[in-house]
Structures are given as structure tokens and as C-alpha cells.
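Please read the structure below before turning to the comments.
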Amino acid sequence: MTRHLITSAIPYINGIKHLGNLVGSQLPADLYARYLRGRGNEVLFLCGTDEHGTPAELAAAKAGKPVAEYCAEMWEVQWELSQGFRLSFDHYGRSSSAQNHRLTQHFAGRLDTAGLIEEVTEKQVYSNADGRFLPDRYVEGTCPNCGYERARGDQCENCTKQLDPTDLIDARSAISGSTDLEVRETKHLHLRQSAMMDQLDSWISSKSDWPILTTSIAKKWLHDGDGLQDRGITRDLDWGVPVKKGDDDWPGMEDKVFYVWFDAPIEYISCAQEWVDAGKGDNWERWWRTDKGAEDVTYTQFMGKDNVPFHTLSFPATILGSGEPWKLVDYIKSFNYLNYDGGQFSTSQGRGVFMDQALEILPADYWRWWLLSHAPENSDSEFTWDNFQTSVNKDLADVLGNFVSRITKFCRSKFGEAVPGGGAYGAAEQALIDDLTVKTRAYEAHMDAMEIRKAAAALRAIWVAGNEYLQSAAPWSTFKEDPDSAAAQVRLGLNLIRFYAVLSAPFIPDAAATMLAAMNSNDDSWPDDVPGALNALTGEHAFSVPDVLFAKITDDQREDWQARFAGTRD
RNA sequence: GGGCCUGUAGCUCAAUUGGUUAGAGCAGAGCGCUCAUAACGCUUUGGUUGGGGGUUCGAGUCCCUCCGGGCCUACCA
């Protein structure tokens, strides 16, 4: 048994996430957590909401609510949805928690003591009408290069020229449209990442087994131009972690907060404290402090590719720079994007399927199966309703669901609703058991390597093997001549259902629970011993015939949903 | 502009990292079965691996070039 700390990138607070967000971090993290728990490992799986920053304030303003209230409500919404998708977090925290405030301030103090914080006076655009400083991309205007009228202050998306907000002609606030802008001086703290470039570089270089997507992004930042740049870690905002050095005030930094990307990853640690404070655990340091028991922890992070720089560089710089023995990440699994029917999912345009809508139309298992078996691991992948309907109907309804249905119903009609005890496994049964042993080990190898699509294919092959066996054993024929042999065949079939329930639980937990319950069993131990697992249910053990596990998606439903989600939300 | 990823059968994806005749699932065709959600099983048709050139005994894999798709580019997060 080993100990695994798993975190998913924490989703931003300003709205309900779409399926692309879900499959990019939380869902695969959950798959891995469930798998490792299933195999008897000790797992701490943490996630939460990322609540600070300009978009949260704007979303709250749009909703007409104080930002704290808005975030609290959205946390509740996201939490409920995560439960709906059966995401098995040990704790779902908040980056706005008191624990995270304290720890963020603690890290800042340590970094300052280590000489890694620099105070820099810089010029930023201030909007008098909005009463706030504007991030570059919240300044809009006409591009001096191409004349595009909606260029942003950081870059013109029409001609891709890099811009400075002061370059824009007729600059205006993207928030209010006000042109009453001025450039003001403001003082900010910078994290001297440049001083840690070599240390980070050698650390990244030691991770030869990480996905190319992860290391190539990190190395690009490390080696591009003059190398890793210092980064501002404070902002002129109201909502966030107040700038302090540990418990002490930071002179000159009153009314400022830490930048969301400084405090958000720290929430991974704070979340473990929240977990303890919520009474769910009793020692968070043994997961996070290598001097207090975390030296044997394997830490895996899951995230979309857009989050990679913060997890490979900024957050490690924070941890290493503190000079304290915090646990560093051991493996980063990053994902490409899921596209929607020929384009991108779009939160702003409401294009695609969002988590709440998905659960309104189908149970979580359908989505989990499709999303995980099509996870965008090597390149962007694409959701289409045709593909979704076909995959779900074929894999879940026909291959797995129908298998459960045919064997339980056959047994009920010939032997009644108890495992028949007659006969004994013969050569054909042994061949199946041997085959399943090989296939199970292959499935485990893919799961261990976090090769999600391959694991899904391996699991499906395990389901298919059951149908192949039933077809060749043909207990409906055997029964006429030799009821005892048919009994053994059916007994193996029923054992397969329990076996499938255990193996499939990481992907489709609800169906797995239904299958296990139908087999009237609590034994969900991982089949390290496949022959033993396929002899677990013995004669006279009562079971029940479950309802249809997976109803098929009809053509009408598919067309309906395709039309409903093509345009804008609502 | 720069960097990275990517292009394989009608569709979604593999290919032990340069090694025999490029494989699966779905869709299509045929056969079988009748326990089952018109489900299952078996057989089978599909490929000039985006185009072109090069290195090599050997290239989907390495190099060059062109074409297409995507992401990132540090103040959105």
C-alpha cells in the first residue's frame, strides 16, 4: 500500500464549467483517485474553487451581489455539480478560506525573508469610471497596427500584434466602456523567479517521464528569450488575500491583495488544512510536509494545458523559495482541449454542454464513460452527438448493460434468483479466467500509467470477453442436455458481473454500485487474484435482476440535444 | 513574428519509440445464435500514414520543405 496525494486544478468560480473543463482535470483526477483507493492505497484527493481575481469581481457585479456572497453561492453550485458527477473529493475547499489567507501570507513572508520578493513601481491603466485599475486585456481600443476596433490592451486578436494598453487609439474600459482612463503609478511585489531559474530548470529536467505537453511548456518559459521572468504577485483589488508578511503588515502594500495565481495553488495545501478543520482528517502535515511524514507520499496533479506554467514554475518557485520542506509534485498529467461539434466550447457564448445541463439530460456515468474514453490526452479531441450516442449505446448499453441483463435473466428463468451451485468450471472457464487475468493486468498497467483512453479500451475488452464466453459456452443450449454444466457457466457469468463492478467502478461508479447490489455483495476488493475473484459468489447466494443499467440514447433525443446546445445557453 | 503540439480506414483513435504484411472500436457486407436492452458471437470490405524530397538495409516514426488544424506567447484565469 502506498500513499497518494492527488489534486485537480481548482476550477474558477465565475460560472458553471463545461464538459471540456471537467475532462481536463477533475474527472481524470477522480478516475485515478478511485482506482488507487480501489486497489487499497491511502489517497487524499483535494479540489476546490479558485475565487479571486478580476473576473470574479465582475461576475459578482453582473449578478448584483457582493463578491463574497456571489462566491459562496457559486461554491455551493459547483460543489453540488461535482457531487452529481460523483467526483470523490476528500474535501472541496475554497481559495478564499481563512486557512488559505494565512498560508498565502506565510509563504509571502518566507519568500521575502529569502530575498525573493522585490517591490516594483509600475504604471498601470486606471479607470476613473470603474474606480479600479484595469488589467491590460480589460482595456479595449483601436489597434494602431491594423485598425481593428476591438483590440485588447495586451494583444490585437485580429493581427496578433503584441500591444501595450497605451498603444491603443481611443482606449476604453472593457468593463464600462468609459474612456476616462489614466495611467497611474502603483507599487507591486514581484516574485524573483529569475533567481530560481536554474533550480527549476534542473528540477524539470529530472522529470523525464512527464508528458511532453507538460515539460515542453515549462521549458519554453524557462529558456525563451532572457529566460524565466519575475512575476507580479499582487494586484490592486478588494477581493483576495490581503498582502502581509506572515502575520505582519506590509508597509506600502495596504489595500492590495495577492494575485490569484499566487494564492490559488497554495489552496492545494490549505485545502488539506480545511479537510482537517472540517473534521474529516486529523493530520494534514503528513501529506504535505516531508519532515512530518510526507516523504513517502506520491503527489500527482491533473490540469488542462493552460495551467501548466503555474504548476511547473510559479508554484514550485513558491514552495522551493520558502526554504521549508513542503512536498513537491511528482507527476503532472496535463490535458489538451475538448472541442464541441466542430468548434470550441465557449463559456462566454454558452456553446456546448455545461455540467448542470449534462446531468439534466443523462446520468453521470454516461458522461464519465464518454469523456474519459475520449480524453484529450495527446491532442485536442472532439465531442459530437453522433459519436456520443454511438459510444454510449454500444459500450455501455450493448456490451456491458446487456451482458448483465442476459445472464441474470437467464439464470432467473432456469435456476431462480440464486447463484446455481451445480457443476464445476472446466477448460473453457479456465481459459476465460486466464484471459481475464492477462486483460486485468493490462488494464491496471494503463491505469497506473494514467493512460486513460487505453485503460478505457482495456476495460471494454474485459467486458467483451464475457459476451464471447457466453456465446461459445451457450448455457441456453447446455441446459437442455447437462443442467449441471449450465449451472457452472451461469455461476461464472454472475461472478463476472461482480468482477466487472469492481473493475469498472473508477469509470462508472453508479452502475458499478448497482451491479454489486444486484449481486447482493459487499465485496469490492480489487481482483489481484482473478481466479479467486471469479469464485467469490458460490451456490445458493441470492441475487436480483437489476433494472436496465443503461437506457439507449434514441435518435430523437440526439437530434433534440444537438439542436438545443448548438446556440446559446438558455 | 517566435515556440510547441498535431495530420494514420467513412468516423474516433492505436502502432512496443527506426524493424516483417500499419492495427482496434464504430459504421458497411455476409454468416451464426436466440439467454438478452433488435442485444451477442464469428468472418469480412476499407489505408500511396496530408503533398513532395532526403537519410537508412529498413521510415507512420528521423531530417528538409510545402499545405491544413490547434495551443501558448508571461497583466484572463
Side-chain angles (χ1 to χ4, degrees), chain A residues 9-14 50 52-56 58 122 124-125 133-139 152-155 159-162 164-165 174 188 193 212-213 215-217 219-221 223-225 228-232 235 259-261 264 304-310 313-314 336-337 339 344 373-374 376-384 386-391 393-414 453-454 456-457 460-461 464 466-477 479 486 489-490 493 545 547-552:
Chain A
I10 58 177
Y12 198 65
I13 194 72
N14 69 338
D50 175 12
H52 299 137
T54 308
L58 297 181
E122 47 197 49
Q124 287 194 357
V125 174
F133 282 94
L134 298 177
D136 288 356
R137 73 170 51 194
Y138 281 94
V139 182
R152 293 184 320 212
D154 55 343
Q155 186 176 38
C159 68
T160 73
K161 185 175 175 63
Q162 304 271 335
D164 191 88
H188 282 295
Q193 298 184 137
I212 292 171
L213 183 64
T215 50
S216 65
I217 291 172
K219 286 181 177 173
K220 158 74 171 160
W221 283 49
H223 301 302
D224 193 39
L228 189 60
Q229 301 296 298
D230 295 344
R231 188 164 188 128
R235 292 289 183 274
Y259 174 42
V260 54
W261 263 113
K305 58 185 167 185
D306 51 332
N307 277 341
V308 168
F310 303 102
L313 302 169
S314 317
N336 287 282
Y337 291 147
N339 291 319
Q344 293 190 335
S373 62
H374 295 78
E377 291 177 291
N378 297 330
S379 62
D380 292 355
S381 65
E382 171 145 329
F383 176 92
T384 64
D386 266 353
N387 188 303
F388 179 66
Q389 179 194 27
T390 305
S391 294
N393 286 355
K394 197 69 198 172
D395 298 347
L396 296 182
D398 294 346
V399 175
L400 178 62
N402 182 57
F403 175 81
V404 172
S405 188
R406 67 193 296 205
I407 189 68
T408 52
K409 286 179 180 171
F410 179 75
C411 185
R412 179 172 63 185
S413 73
K414 303 300 182 193
R453 281 186 315 216
K454 288 180 181 175
R460 187 186 189 281
V464 167
N467 280 314
E468 289 173 358
Y469 166 75
L470 269 195
Q471 202 62 36
S472 68
W476 49 89
S477 299
F479 183 78
Q489 292 166 345
V490 168
V545 177
D547 291 336
V548 165
L549 276 182
F550 297 99
K552 292 199 188 190

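Owing to the predicted nature of the structure, the values given are computational and were not obtained by experimental measurement. Quick note on labels: first sequence line is chain A, next is B, and so on, each numbered from 1.
Taking atom C1' in both B/U16 and B/G60, one finds a spacing of 15 Å when rounded to whole Å. Taking atom C1' in both B/A15 and B/G23, one finds a spacing of 7 Å when rounded to whole Å. When the C1' atom is used for both B/G10 and B/G46, the distance is 9 Å, rounded to whole Å. Atom C1' of B/G41 sits at a distance of 38 Å from the matching atom of B/A59, rounded to the whole Å. B/U8 sits 12 Å from B/U48 when the C1' atoms are compared, rounded to a whole Å. Between B/C62 and B/G70, the two P atoms lie 23 Å apart (nearest whole Å). With P as the reference atom, B/G52 and B/U61 are 13 Å apart, rounded to whole Å. Using P as the reference atom, B/A24 and B/G32 are 24 Å apart when rounded to the nearest Å.
Here the nucleotide nearest the side chain of A/K305, chosen from B/G70, B/U37, B/G41, is B/G70. Checking B/A77, B/U73, B/C35 against the side-chain heavy atoms of A/W221 singles out B/U73 as nearest. When distances are taken from the side chain of A/Q229 to each of B/A74, B/A36, B/A77, the shortest belongs to B/A74. Minimum atom distance to the side chain of A/P55 is reached by B/A77, of the listed B/A14, B/A39, B/A77. Listed candidates were B/C35, B/G41, B/A36. Nearest to the side chain of A/V464 is B/G41. In this structure, the nucleotide among B/C76, B/A39, B/A14 sitting nearest to the side chain of A/P135 is B/C76. Which of B/A74, B/C40, B/A77 sits closest to the side chain of A/R406 comes down to B/C40. Closest approach to the A/D306 side chain among B/A77, B/C35, B/U37 is made by B/A77 (side chain taken as heavy atoms from C-beta onward). When each of B/C75, B/C33, B/U37 is scored by its nearest atom to the side-chain atoms of A/K552, the top-ranked nucleotide is B/U37.
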Interface polar pairs with nucleotides 22-31 of chain B, N/O, under 3.5 angstrom:
{"unit_1": "B/G25", "atom_1": "O3'", "unit_2": "A/R460", "atom_2": "NH2", "d": "3.4"}

With 3.5 Å as the limit, what N/O pairs link the protein to nucleotides 3-6 of chain B?
{"unit_1": "B/C4", "atom_1": "O2'", "unit_2": "A/S216", "atom_2": "OG", "d": "3.4"}

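Screening A/V404, A/L400, A/V399 for a side-chain contact (heavy atoms from CB on, under 4.5 Å) with A/F550, the sole residue that qualifies is A/L400.
Taking atom CD of residue A/Q389 and atom C1' of nucleotide B/C11, one finds them 14 Å apart after rounding to whole Å. Atom CD of A/E468 and atom P of B/C40 are 12 Å apart (whole Å). Summarising the geometry, the separation between CG on A/D164 and C1' on B/C75 is reported as 11 Å, rounded to the nearest angstrom. Taking atom CZ on A/F479 and atom P on B/C35, their separation rounds to 12 Å, with Å as the unit. With rounding to whole Å, A/Q471 atom CD is found 14 Å from B/U43 atom C1'. Between the CH2 atom of A/W476 and the C1' atom of B/A36 there is a distance of 9 Å, given to the nearest Å. Counting to the nearest Å, the P atom of B/A38 and the CG atom of A/N467 are 14 Å from each other.
Within the nucleic acid shown, A/K454 comes within 4.0 Å of sugar-phosphate atoms alone, with no base atom in reach, counting heavy atoms only. At the heavy-atom level, A/F310 lies under 4.0 Å from base atoms of the strands shown. Across all strands shown, A/R235 has heavy atoms under 4.0 Å from sugar-phosphate atoms exclusively, and none from any base. At a threshold of 4.0 angstrom between heavy atoms, the contacts of A/L549 include nucleobase atoms, whether or not backbone atoms are also involved. Using a 4.0 Å heavy-atom distance criterion, A/V260 is classed as a sugar-phosphate-only contact. Among the atoms of the strands shown, only primed sugar atoms or phosphate atoms (P, OP1, OP2) are found under 4.0 Å from some heavy atom of A/S381. Using a 4.0 Å heavy-atom cutoff across all strands shown, A/Q489 reaches no nucleic acid atom at all. Across all strands shown, A/Y259 has heavy atoms under 4.0 Å from base atoms, whether or not it also approaches the sugar-phosphate.
A syn base is found at B/G46: its glycosidic angle is within 90° of 0. Anti is the glycosidic conformation of B/U48, whose angle departs from 0 by more than 90°.
Taking 4.0 angstrom as the limit, A/R137 places a side-chain polar atom (N or O) nearer than this to OP1 or OP2 of B/C76. In this structure, A/Y337 reaches the B/C72 phosphate: one of its side-chain N or O atoms is under 4.0 Å from OP1 or OP2.
Along RNA chain B, the nucleotide closest to A/G401 and the one closest to A/D154 are compared, and the more 5′ of them pairs with A/G401. Between A/F550 and A/H374, the residue whose closest nucleotide on RNA chain B is further toward the 5' end is A/H374.
Residues meeting the side chain to side chain donor-acceptor pair (under 3.5 Å) test with A/D136, sequence neighbours left out: none. Partners of A/D154 under the side chain to side chain donor-acceptor pair (under 3.5 Å) rule, at least two apart in sequence or in another chain, are A/R137, A/R152.
Looking at A/N402, its side chain comes within 3.5 Å of the base of B/A36 through a donor and an acceptor atom. Under 3.5 Å, the side chain of A/Q124 and the base of B/C75 form at least one donor-acceptor pair of N or O atoms.
A pairwise comparison of heavy atoms in A/H188 and A/E122 identifies CD2-OE2, 3.6 Å as the closest pair. In plain terms, the two heavy atoms of A/E377 and A/R453 that are nearest each other are OE1-N, 3.0 Å. Closest approach of A/P376 to A/Y337, counting heavy atoms only: CB-O, 3.6 Å. Nearest heavy atom pair, residue A/K305 against residue A/I217, reads O-CD1, 3.8 Å.
Neither side chain, A/N393 nor A/K552, offers a donor N or O lying under 3.5 Å from an acceptor on the other. In summary, the side chains of A/D386 and A/T390 do not present any donor paired with an acceptor at a separation below 3.5 Å, with no hydrogens or angles considered.
RNA chain B contains the following stems of three or more consecutive Watson-Crick or G-U pairs, with both distances under 3.5 Å: B:1-7 with B:67-73, B:10-13 with B:23-26, B:28-32 with B:40-44, B:50-54 with B:62-66.
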Which atom pairs, one a donor and one an acceptor, fall under 3.5 Å between side chains of residues 468-475 of chain A and the rest of the protein, sequence neighbours left out?
{"unit_1": "A/Y469", "atom_1": "OH", "unit_2": "A/E429", "atom_2": "OE2", "d": "2.4"}
{"unit_1": "A/Q471", "atom_1": "OE1", "unit_2": "A/R406", "atom_2": "NH2", "d": "3.1"}
{"unit_1": "A/S472", "atom_1": "OG", "unit_2": "A/E468", "atom_2": "O", "d": "3.4"}
{"unit_1": "A/S472", "atom_1": "OG", "unit_2": "A/Y469", "atom_2": "O", "d": "3.2"}

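Lacking a ring centre under 5.5 Å from that of the base six-membered ring together with a plane angle below 30°, A/F410 does not count as stacked on B/C35.
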